[in-house]
Amino acid sequence: MRVKCPICGEPVEVPDDVLPGELIDHECGVTLEVLMDGNSIRLKPLEGIKEDWGE
Amino acid sequence: MRVKCPICGEPVEVPDDVLPGELIDHECGVTLEVLMDGNSIRLKPLEGIKEDWGE
Amino acid sequence: MIVVKVGGEVLARNLDGIVESVGRRADRGIVLVHGGGIIVTELCKRMGVEPKFVTSPEGLRSRYTDRDEIEVYVMAMAGKINKRIVSGLLSRGVKSVGISGADGPTAIAERKERIVIVDERGRKRVIDGGYTGRIVEIRTELIDLLLSNGFTVVIAPVAVDGKGNLLNVDADQMAFKLSSAVRADKLVMLTDVPGVLINNRVIERIRTNEVNEMIKRVGFGMNRKLMSAANAIEQGVKEVIISSGLVEDPLAHALAGGGTIIS
Amino acid sequence: MIVVKVGGEVLARNLDGIVESVGRRADRGIVLVHGGGIIVTELCKRMGVEPKFVTSPEGLRSRYTDRDEIEVYVMAMAGKINKRIVSGLLSRGVKSVGISGADGPTAIAERKERIVIVDERGRKRVIDGGYTGRIVEIRTELIDLLLSNGFTVVIAPVAVDGKGNLLNVDADQMAFKLSSAVRADKLVMLTDVPGVLINNRVIERIRTNEVNEMIKRVGFGMNRKLMSAANAIEQGVKEVIISSGLVEDPLAHALAGGGTIIS
Ligand SMILES: [Zn+2]
Ligand SMILES: [Zn+2]
């Protein structure tokens, strides 16, 4: 399955067995999060992850 | 099995399958509690029961 | 200052509504006594703790709280339910403290050390009385301290005896004895019925001198509530309201006269 | 005023000894922070709640607290263990109050809302962060109130976030942050080892400026304790003692210099 990258506009290869929340690194450098609503798939740049947890 | 009543001294019939805490009303009017220590059996007048509980 | 009692049935169906309603009136000073029997039963099932029943020589069958069950009871009441209410209040900006009757200590109870039962073989036996208690003393020091410092107090129906045994106590009884001890203005009992019902009609007001007449005409759970209510009023509580915990804003509804007022 | 932290291992093996030791010194003002991980694990097993683990993209495997597990955690910590300590103190004539960090509120934590994991198929995924928190604020109002009125305070390692979520927090971290916040004279960490060990010998005293050197030579659990201890001292705690909770009268032993003093 191919979906358009919301950042660079180029196609992104999405596996058929993709799960909600799955992350796909696109060749333009962005990490995309897979959002699923029923059978429709959207891609969104990954946000809201605190890297610096510390414990 | 027969054990002597601690109140009247007459024999008390104790069933073979008796369990600790079992109560036996003796003909002299006392309620006896069966205390067991290994295989030995003692009989003691029942005490420490509050009848008037209220709830 | 008001004492609110909310039962397990109501909590299971309307916990958020109760928390919201209590939170709105927190500045009046509220002590919330909660039940939760349903949740204890459910948890016992999940943990493979079978409910036990005993039969008295008079033939009365009743639930028996053994050592395993009191553990589950304390966890469910003082852990799960109590902290869920506290965190719910907190998320609404209400500062609150969840305690059990053992904390302080606040509720001292007496347990039956030994009881007589009729066993499966039909023979009488004396066994340990289990971990159910009857409240014999309420100490208000901790509650007074918390209330006077602006905390809403949430209390689980767990008491303690002189030996440090944690005991299962009836939440209704805890609410009644507590409201007498702190001389509450009002005790609001939020139940899963709209009030004291006679012929399917809610009785608006009952005077304490009418209670003896009334108890013959209501069901078993309710007649105990009525007797305890009359008793609490004799001990200084101004009024007891028995009302529904399942309506919108149950406390507003109760305080506006929705339900039965005993005074 | 002293803060005492006691871990789950020690409680499982010596609860009565700890309670007795704390009870004897209650008039000094004691805040007891307890752990209990072993008991949580055991309870999860009994309830069929499987421990879950997640793997980070860096390959680090760690325990994951999901919705089922936080429920069991709260029941075990704030219900079972907390109330058992409180009733133990009470049976020794010590008035005490058992709370969690959610009560008051006392411990506000932040949870990771979302985390990135590598799933069973080896693919990266973002999932809910679960119910583990990092304490970001200690409010001392409730503890101060209780201590100044003569209550011993027993605290379960449960915190709450701004949305009212109950969170699993590390009991060590809770003890360190709490002792800084209340400016404790001493923080006593009662563990299942006799102190900070290097080559099987207990180090008697460590200055905060030696901690960085020391942490290379001690194990993983202990090096975190040492770093946090140095941090607590910078924040105003006079000394931290790491010592055995399994000896006779563990607090007397710790306060008499049995163990490692960090200052
Ligand atoms: Zn792209
Ligand atoms: Zn006789």
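Basis for what follows: all heavy atoms, side chains included, without hydrogens, waters or symmetry-related copies. Quick caveat, the model's predicted, so the values are computed rather than measured. Chain A is the first sequence line, chain B the second, and so forth, proteins listed ahead of strands; every chain is numbered from 1.
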Exercise for the section: Inspect the surroundings of CZ in D:Arg24 and state if more than 12 heavy atoms from other residues, nucleotides or ligands are less than 6.0 Å away. Expected result: yes

Practice task
Please look at D:Val86 and chain C and tell me whether the side chain, the backbone, both or neither of the residue comes under 4.5 angstrom of a heavy atom of that chain.
Solution key: side chain

Problem - For chain C, the option from D:Gly104, D:Gly48, D:Ala76, D:Gly88 that forms the most heavy-atom pairs under 4.5 Å - result: D:Gly104

Completion exercise
Taken to the nearest 0.5 Å, the spacing of C:Met75 CE from D:Ile81 CD1 works out to 10.0 Å

Practice task
Kindly indicate whether the side chain of C:Arg139, heavy atoms from C-beta on, has any atom under 4.5 Å from the side chain of D:Lys95.
Solution key: no

Completion exercise
Minimal heavy-atom distance between D:Gly79 and C:Val74, with the atoms involved, is O-CG1, 3.9 Å

Problem - Spacing of D:Asn149 atom CG and C:Asn149 atom CG [to the nearest 0.5 Å] - result: 8.0 Å

Exercise for the section: Go through the atoms of C:Val160 and report whether side chain, backbone, both or neither lie under 4.5 Å from a heavy atom of chain D. Expected result: side chain

Problem - Derivation of the side chain to side chain contact (heavy atoms under 4.5 Å, CB included) call for C:Leu142 and D:Leu146 - result: CA-CA 8 Å; C:Leu142 176 59; D:Leu146 294 172; 3.6 Å; yes

Completion exercise
Output for pair (C:Met47 CE, D:Met47 CE), nearest 0.5 Å, gives 6.5 Å

Practice task
Sort D:Leu43 into side chain, backbone, both or neither according to what part of it lies under 4.5 angstrom from a heavy atom of chain C.
Solution key: side chain

Exercise for the section: Might you confirm whether atom NZ of D:Lys45 has over 12 heavy atoms from other residues, nucleotides or ligands at distances under 6.0 Å? Expected result: no

Fill in the blank from the handout: Of the listed D:Ser96, D:Ala102, D:Ala156, the one with the largest count of heavy-atom pairs under 4.5 Å with chain C is D:Ser96

Problem - C:Val94, part contacting chain D, at a heavy-atom distance under 4.5 Å - result: neither

Fill in the blank from the handout: Value for CG (C:Asp103) from CG (D:Leu89), rounded to nearest 0.5 Å, stands at 10.5 Å

Practice task
Name the region of C:Leu90, side chain, backbone, both or neither, that has any atom closer than 4.5 Å to a heavy atom of chain D.
Solution key: side chain

Exercise for the section: Measure D:Val49 against the heavy atoms of chain C and call it side chain, backbone, both or neither at under 4.5 Å. Expected result: side chain

Exercise for the section: With a 4.5 angstrom heavy-atom cut-off, could you sort out which part of C:Lys163 is near chain D: side chain, backbone, both or neither? Expected result: backbone

Exercise for the section: Quick one: do C:Lys83 and D:Ile99 satisfy side chain to side chain contact (heavy atoms under 4.5 Å, CB included)? Show the steps, please. Expected result: CA-CA 10 Å; C:Lys83 297 316 170 200; D:Ile99 62 171; 5.5 Å; no

Problem - Flag if over 12 foreign heavy atoms under 6.0 Å of CZ, D:Arg63 - result: yes

Exercise for the section: Please assess C:Leu145 against D:Phe151 for the test side chain to side chain contact (heavy atoms under 4.5 Å, CB included), listing each intermediate value before the final yes or no. Expected result: CA-CA 11 Å; C:Leu145 184 67; D:Phe151 291 102; 4.0 Å; yes

